[in-house]
Amino acid sequence: MSGRKETVLDLAKFVDKGVQVKLTGGRQVIGTLKGYDQLLNLVLDEAIEFEREQDDPLKLSTKTRQLGLIVCRGTAVMLVSPTEGTEEIKNPFQEADGEQTAHS
């Protein structure tokens, strides 16, 4: 066994493609993945950050901020997903009137 650690994720297929990255603390960015390492440090080009609502910091607003070329530290990365081929689905646990269904 070598002392070298390998990442569980195979991000090679996402290089030069659009990705969405969720970070600890609630920040969320999208951009073109240009590189990564075994610690999950990510280099994103043409990055855009989604700003959060002032009255509800857990909710993203429609306002964005252009960041350009950035590095996301691997310790802060919670989720990496492709921007192409994914779509938001309806929450199956939420009723039409917005109330949560009771599961017993």
Side-chain angles (χ1 to χ4, degrees):
M1 294 199 10
S2 69
R4 194 171 223 191
K5 288 199 170 210
E6 291 186 30
T7 182
V8 175
L9 296 175
D10 179 21
L11 294 175
K13 58 187 167 194
F14 299 121
V15 172
D16 291 327
K17 294 193 172 116
V19 292
Q20 174 180 335
V21 180
K22 290 189 179 184
L23 304 164
T24 55
R27 296 179 88 178
Q28 185 171 330
V29 295
I30 62 169
T32 305
L33 182 65
K34 290 297 183 180
Y36 64 96
D37 65 10
Q38 69 273 10
L39 300 174
L40 207 57
N41 295 311
L42 307 176
V43 178
L44 299 178
D45 195 11
E46 302 170 1
I48 299 169
E49 177 183 9
F50 292 94
E51 295 183 15
R52 290 180 271 172
E53 295 283 343
Q54 287 187 342
D55 55 337
D56 185 2
L58 299 176
K59 193 181 239 184
L60 292 177
S61 74
T62 56
K63 291 194 285 185
T64 60
R65 185 168 69 141
Q66 300 287 332
L67 300 177
L69 184 67
I70 64 168
V71 174
C72 298
R73 281 197 61 178
T75 55
V77 174
M78 292 176 38
L79 175 109
V80 180
S81 67
T83 54
E84 293 295 315
T86 59
E87 62 185 55
E88 190 171 333
I89 62 169
K90 182 180 177 291
N91 184 346
F93 301 106
Q94 191 172 27
E95 293 180 5
D97 61 0
E99 292 183 20
Q100 296 287 332
T101 59
H103 293 289
S104 6

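If you read the sequence from its start, that first residue is 1, and numbering goes on from there. Predicted, not measured: the structure shown is a model, and the values here were computed from it.
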Could you give the distance from [atom1] ([X]) to [atom2] ([Y]), rounded to the nearest 0.5 Å?
{"X": "Gln28", "Y": "Leu79", "atom1": "CD", "atom2": "CG", "value": "8.5 Å"}
{"X": "Arg52", "Y": "Arg27", "atom1": "CZ", "atom2": "CZ", "value": "7.5 Å"}
{"X": "Gln20", "Y": "Thr83", "atom1": "CD", "atom2": "OG1", "value": "8.0 Å"}

| Hey, is the main chain of Ile48 close enough, under 3.5 Å, to the side chain of Thr64 for a donor-acceptor pair? |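 Side chain of Thr64 to backbone of Ile48, a donor-acceptor pair under 3.5 Å: no, none is there.
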| query | Looking only at atom types and distance, does a side-chain atom of Tyr36 sit under 3.5 Å from a main-chain N or O of Asp10, one as donor and one as acceptor? | reply | no
| said: For residues Leu23 and Met78: do they belong to one hydrophobic cluster (side chain heavy atoms under 4.5 Å, members Ile, Leu, Val, Met, Phe, Trp, Tyr)? | reply: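 Looking at the clustering, Met78 is in a separate group from Leu23.
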| Do Leu33 and Val77 share a hydrophobic cluster (ILVMFWY, side-chain heavy atoms under 4.5 Å, transitive)? |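 In one cluster: yes.
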| said: The criterion is side chain to side chain contact (heavy atoms under 4.5 Å, CB included); which residues satisfy it with Thr75, sequence neighbours excluded? | reply: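 Residues passing side chain to side chain contact (heavy atoms under 4.5 Å, CB included) with Thr75: Arg73.
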| request: For Leu67, check side chain to side chain contact (heavy atoms under 4.5 Å, CB included) against everything at least two apart and list the hits. | output: Val29, Ala47, Glu49, Arg65, Ile70
| remark: On a heavy-atom basis, the closest approach of Asn41 and Gly74 is OD1-N, 2.7 Å
| With respect to Val19, which candidate in Leu42, Thr32, Val80 satisfies the side-chain contact (heavy atoms from CB on, under 4.5 Å) definition? | Val80
| request: Quick one: list whatever passes salt bridge (charged side-chain N to carboxylate O under 4.0 Å, His left out) with Lys34, sequence neighbours left out. | output: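 Counting only residues at least two positions away or on another chain, Lys34 forms a salt bridge (charged side-chain N to carboxylate O under 4.0 Å, His left out) with Asp16.
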